[in-house]
Amino acid sequence: MRYVIIGNSTAGLSAVEAIRSLDKKGEITVISDEPYEAYSRPLITYWLAGKVDDARMHYKGGEFYRNLKVNLTAGKKAVRIDSKKKSALLEDGEEVPYDRLLLATGGTPIVPPLKGGDFLGVFTFTRWDDAKKVREYLTEHKVKDVIVVGGGLIGLKTTEALVELGLKVTVLELADRILSATFDRKASQLMTAYLKDKGVDILTENTAEEIIGEGGMVSGVKLRDGRKLSCGMVVLAIGVKPNISLTEGTGIKTNRGIIVDSRMRTSVPDVYAAGDVAEAHDSLIDASRSIAIWPLAVRGGRIAGVNMAGGSTEYGGGFPMNSVEIHGLPTVSVGITDPKEGGYTITEEYKPQDYVYRKIVSKDGKIRGVIFVGRIDRAGLFTGLIEDGIDVSSIKDHLLQDDFGIIALPKEYLKHNVTGPGVEV
Amino acid sequence: MKKIYAKEAYCIGCRLCEVYCITQHSKSKDIVKAYKVEHQAVPRLFVEESGHVSFAVQCRHCDDAPCIDACITGAMHRNPETHAVLCDEDKCVGCWMCVMVCPYGVINRNTKEKKVASKCDLCAGEDTPVCVANCPNEALVYEEREGEK
């Protein structure tokens with residue numbers, strides 16, 4: 001059996017581990033357009049800030065490919081899939097035949113068609129090479145101020161790293177608040193106030209209309225409101241979309257991402273998809289969509305790998321969750337955090353002077369989402385209750401108390417989940 | 001594998017387990033220094049109380065550990081020999097993904113020095129974890145149980 005995996009990040013490697021646990025002999029090839037053994041994408045901002053060195057970027061360790069007998073083709077882009085012939089074509093003309101194929105191609109940054117977008121000093125920030133180029137440019141051009149376009153997770157983690165390097169950062173956000181995809185208004189406001197206190201300028205309902213340059217290099221940005229800001233670098237962090245370019249001409253069905261069933265199979269036989277590129281089941285909204293987060297990439301990759309290797313397992317669904325600490329302010333957001341429809345109950349604790357906000361969103365007695373800012377301890381208790389769909393009506397008044405813990409959970413849930421693995425209650 | 005189990009009927013909530021846990025994971029391993037001078041370790045277990053009911057809970061070393069899946073650095077891992085779920089604090093960057101996904105809420109944040117996730121390591125190197133060894137009521141036991149790996 002020949003397994004080919006396109007994409008060398010966590011979904012792909014999780015699939016490799018699953019395949020190898022069931023098939024010790026099959027031939028596994030991982031193809032990546034980046035010239036590296038696997039590294040952690042979420043760590044690139046830590047790397048830029050100097051908190052993680054080159055060796056630590058390789059979260060799987062150096063022996064991964066040898067131990068699991070994986071052929072790694074790194075630094076070559078797969079450009080086309082021939083699903084009839086069952087092969088992947090690489091940019092240098094090499095053809096890689098497969099019996100089972102996994103598309104774990106992740107996401108690509110959305111780059112708006114901006115006048116001046118081709119000046120030197122304009123970067124996206126999702127890959128290690130982006131971080132390397134940014135570091136080099138910062139040093140070479142003695143950059144002092146940076147404009148980050150986009151106030152989402154990537155934009156703000158990049159901002160954090162740049163501030164730690166001593167740079168002045170201005171964040172431009174098209175929406176009326178930062179982190180609008182994962183936070184509600186109060187949480188966004190708290191983070192805004194916190195970042196402003198750290199010296200970050202945040203302009204909302206604004207964006208770059210044009211990038212201004214001198215001598216081929218970026219020198220500033222013309223804003224939508226007509227103002228001009230000068231800067232030595234622009235980082236575009238508007239968002240990421242599933243990288244589905246390889247599906248062209250294959251018949252693989254796509255929406256925004258690649259459509260998969262509960263076994264992570266695409267609409268074409270023997271082709272699977274997992275990770276940020278796939279639209280898997282969101283168990284909270286009962287619909288399929290791409291949820292670009294690490295833990296679900298691991299889960300989806302594993303499900304794909306087991307099924308590719310002849311096992312049988314199904315994806316039980318997932319939901320969005322993010323843990324993001326910026327400049328020492330920890331935050332966790334899980335599930336439905338800012339419901340637009342009615343029928344939801346909100347329980348909250350809000351202490352803006354301490355940068356503390358804790359919010360629980362429930363419906364029909366079950367927790368559907370939480371936001372924690374400033375105090376995130378034991379947040380996983382809530383993630384577990386959301387995942388398991390536990391009715392918390394009987395303990396709703398305890399949820400935000402300081403002593404909330406396993407002891408307060410409904411007895412039936414305790415017996416089922418806690419007594420088994422170890423606590424006798 | 002051998003795991004730590006709590007016997008709620010014998011726990012009086014004295015928190016000696018917490019004291020010994022902090023001491024064991026302090027630099028000096030000396031109670032007074034750990035509490036009065038170093039202030040560096042945080043408890044890796046949680047004593048929960050409600051009225052007269054109490055128990056201590058720490059990492060369950062899950063077979064299907066969500067913290068390992070969520071870790072972006074490779075810090076959270078399973079020891080291949082003991083099967084214990086451990087955090088390599090040198091690798092950890094304190095992103096708190098593990099804190100977000102642990103359904104038992106038993107991964108602590110240590111922000112005293114470098115930010116790291118701090119969790120039960122079964123007192124690696126000790127025959128019996130110190131919380132178990134020092135519980136005056138034997139409300140914590142360390143044993144292999146049937147049906148548990």
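Quick note on labels: first sequence line is chain A, next is B, and so on, each numbered from 1.
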Among the listed options A:Val332, A:Leu43, A:Val370, A:Thr10, the residue most often paired with chain B at heavy-atom distances under 4.5 Å: A:Leu43
OH/B:Tyr10: more than 12 non-hydrogen atoms of other groups inside 6.0 Å: no
Best-contacting candidate, A:Gly380, A:Gly61, A:Gly405, against chain B by heavy atom pairs under 4.5 angstrom: A:Gly380
Aromatic plane relationship, A:Tyr355 with A:Tyr194 - under 30° parallel, 30 to 60° tilted, over 60° perpendicular: perpendicular
Heavy-atom contact with chain A under 4.5 Å, split by part of B:Ser54: backbone
Residues B:Glu38, B:Lys112: salt bridge by 4.0 Å N-O rule: no
Non-hydrogen side-chain atoms of A:Glu17 and A:Lys60 separated by less than 4.5 Å: yes
Region of B:Asp88 that comes under 4.5 Å of a non-hydrogen atom in chain A: neither
Under 4.5 Å from any heavy atom of chain A - which part of B:Lys114: neither
Residue that, paired with B:Phe55, satisfies side chain to side chain contact (heavy atoms under 4.5 Å, CB included) out of B:Lys7, B:Glu49, B:Glu8: B:Glu8
Charged tip of A:Arg378 within 45° of B:Phe46 ring normal and under 6.0 Å: yes
Spacing of CG belonging to B:Asp69 relative to CG belonging to B:Asp64, to within rounding of 0.5 Å: 6.5 Å
Row check, B:Trp96 ring normal vs B:Arg109 NZ/CZ: under 6.0 Å, within 45°: yes
B:Cys67 versus chain A, the contacting section by heavy-atom distance below 4.5 Å: neither
Among the listed options A:Glu325, A:Glu387, A:His58, the residue most often paired with chain B at heavy-atom distances under 4.5 Å: A:Glu325
Largest heavy-atom contact set with chain A, pairs under 4.5 Å, which of B:Thr73, B:Ile68, B:Val101: B:Thr73
Side chain / backbone / both / neither for A:Arg299 at chain B, heavy atoms under 4.5 Å: neither
When A:Val324, A:Leu385, A:Asp403, A:Asn322 are compared by non-hydrogen pairs under 4.5 Å with chain B, the top option: A:Asn322
Chain A interface, residue from B:Pro66, B:Cys102, B:Cys98 that has the most non-hydrogen pairs under 4.5 Å: B:Cys102
